[in-house]
Amino acid sequence: MAETSAQNETPSSFSRFLWEKPELLTPEEHGKLGITPTDSRFSFTADTRGIPLTMVEFRSAQRDYPIVFSSDKEPVPIAAVGLEGSGNLFLEAEGRWAPDVYVPAYIRAHPFALAKAGNDRYAVVIDRAAPVVSENPRTPFFVDGEMTDTIRQAVEFSQNYDAETERTRHFGERLRDLDLLTLQRMRRQGSEKDEVRYFAVDADRLSALPEETIATLFKEGYLAAIIAHLFSLDQWNVLLRRSGR
């Protein structure tokens, strides 16, 4: 259950990739603030080369990005959005995301997240430095001390995202336990220097699995995600083209 907290301190265990200033959302501290849409909404991703993904996003994301994994020990799926030294190649003028390209749920959920508050309860956390957080907002966080419906819906999106993150964690553990992830390389044609290293499912190891294991992966919903991941690796060419513009 998500709730606001009267405490002003963000839990010390809370951390979030790309976040700058996490704060527990409270009427006392944020009663005059809220959300105002802005073209620079995604500007906080300018310097990153990867955005976390959940497994349910693979089908959409594989059309636009290479989907890779952070490691073979604690695998986290990542949409590769840039190359070495490039920053985010899908971020356009004024912080707009490239049109007609899938936007990962991780950054759509920003600036909201949940933090464990004990007793199976969660506190709502915001990134106070987010471009969309403003005074005199179009959508206030609170009215008469109560969270507004629009903000509550955004928080529910974060809750659903966290649930998918947990499912994705189990998916990564399954790939690790089956020893399917290997270190692979992508090199720009004609270049010995511009090389990207990443972890991905080894197609030969996948095909060598026993039939019963393949059947189990299918029933778990993991096989479809693996196939989408493998197809996505063709999208390195998209990044190369974007980096050459």
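Only heavy atoms go into these numbers, but all of them, side chains included; no hydrogens, no water, no symmetry mates.
Among all heavy-atom pairs drawn from G145 and P27, the shortest one is O-CG, 3.8 Å. Nearest heavy atoms, S134 versus T36: OG-OG1, 2.8 Å. Across all their heavy atoms, L89 and L83 have their closest contact at CD1-N, 4.2 Å. A pairwise comparison of heavy atoms in L24 and A123 identifies CD2-CB, 3.7 Å as the closest pair. Minimum interatomic distance between D72 and R176 (heavy atoms only, all atoms of both residues): O-CG, 3.3 Å. Heavy-atom minimum distance, S158 versus A113: OG-N, 4.1 Å.
The neighbour count for D47 CG, taken as heavy atoms of other residues, nucleotides or ligands under 6.0 Å away, does not exceed 12.
Considering OH of Y198 and OG1 of T182, their distance stands at 8.5 Å, rounded to 0.5 Å. Here the straight-line distance linking atom OG of S86 with atom CZ of R242 works out to 11.0 Å at 0.5 Å rounding. Between Q153 atom CD and T148 atom OG1 the span is 9.0 Å, to the nearest 0.5 Å. Rounded to the nearest 0.5 Å, atoms CG (D202) and CG (L181) are 9.5 Å apart. Once rounded to the nearest 0.5 Å, the distance linking CG of N88 with OG1 of T45 reads 4.0 Å. Put simply, OG1 on T165 and CG on N160 are 10.5 Å apart, with the number rounded to the nearest 0.5 Å.
Side-chain contact between V68 and F199 is absent, with no heavy atoms from C-beta onward closer than 4.5 Å. In this structure, the side chains of L25 and F141 come closer than 4.5 Å at one or more pairs of heavy atoms. Taking the side chain as every heavy atom from C-beta outward, L239 and M186 never approach each other to under 4.5 Å. Between P37 and V132, every side-chain heavy-atom pair lies at or beyond the 4.5 Å cut-off.
The existence of a salt bridge linking D179 and R205 is confirmed by a sub-4.0 Å separation between a basic side-chain nitrogen and an acidic carboxylate oxygen. Classification of K73 and D177 as a salt-bridged pair fails, no side-chain N sitting under 4.0 Å from a carboxylate O.
Neither Y65 nor V56 shares a network with the other; the hydrophobic side chains, linked directly or stepwise wherever heavy atoms of I, L, V, M, F, W or Y lie under 4.5 Å apart, form separate groups for each. If you chain together hydrophobic residues whose side chains sit under 4.5 Å apart, V143 and I35 never meet in one group. L178 and L183 fall within a single hydrophobic cluster, where Ile, Leu, Val, Met, Phe, Trp and Tyr side chains are chained together by heavy-atom contacts under 4.5 Å.
With sequence neighbours excluded, the residues forming a salt bridge (Lys or Arg N to Asp or Glu O under 4.0 Å) with E173 are R169, listed by chain and number.
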Check against side chain to side chain contact (heavy atoms under 4.5 Å, CB included), E20 and R128: CA-CA 8 Å; E20 294 183 30; R128 181 65 180 82; over 6 Å; no

Test side chain to side chain contact (heavy atoms under 4.5 Å, CB included) on I78 and F69 and set out the steps. CA-CA 6 Å; I78 294 170; F69 291 87; over 6 Å; no

From CA spacing to verdict: side chain to side chain contact (heavy atoms under 4.5 Å, CB included), E23, V125: CA-CA 5 Å; E23 296 178 358; V125 183; 5.7 Å; no

Do D64 and V238 pass the side chain to side chain contact (heavy atoms under 4.5 Å, CB included) test, and can you show the C-alpha distance, the side-chain angles, and the key distance before you say yes or no? CA-CA 8 Å; D64 299 308; V238 173; over 6 Å; no

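Here the side chain of T38 pairs no donor or acceptor atom with the backbone of R41 at under 3.5 angstrom. Judged by distance alone, the side chain of D144 and the main-chain N or O of E146 form no donor-acceptor pair under 3.5 Å. Side-chain atoms of T26 come within 3.5 Å of backbone atoms of E29 as a donor-acceptor pair (strictly under, hydrogens ignored).
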Which pairs of donor and acceptor atoms, one on a side chain in residues 100-112, lie under 3.5 Å apart (sequence neighbours left out)?
unit_1	atom_1	unit_2	atom_2	d
Y102	OH	E57	OE1	2.6
Y102	OH	R108	NH2	2.9
Y106	OH	F17	N	3.0
Y106	OH	F17	O	2.5
R108	NE	V103	O	2.8
R108	NH2	V103	O	3.3
H110	NE2	D127	OD2	2.9

Identify every side-chain donor-acceptor pair in residues 209-233 under 3.5 Å, counting partners at least two apart or on other chains, and give the distances.
unit_1	atom_1	unit_2	atom_2	d
T216	OG1	E212	O	2.9
E220	OE1	R174	NE	3.0
E220	OE2	R174	NE	3.4
H229	ND1	I67	O	2.7
H229	NE2	V201	N	3.0
S232	OG	I67	N	2.8
S232	OG	H229	O	2.6

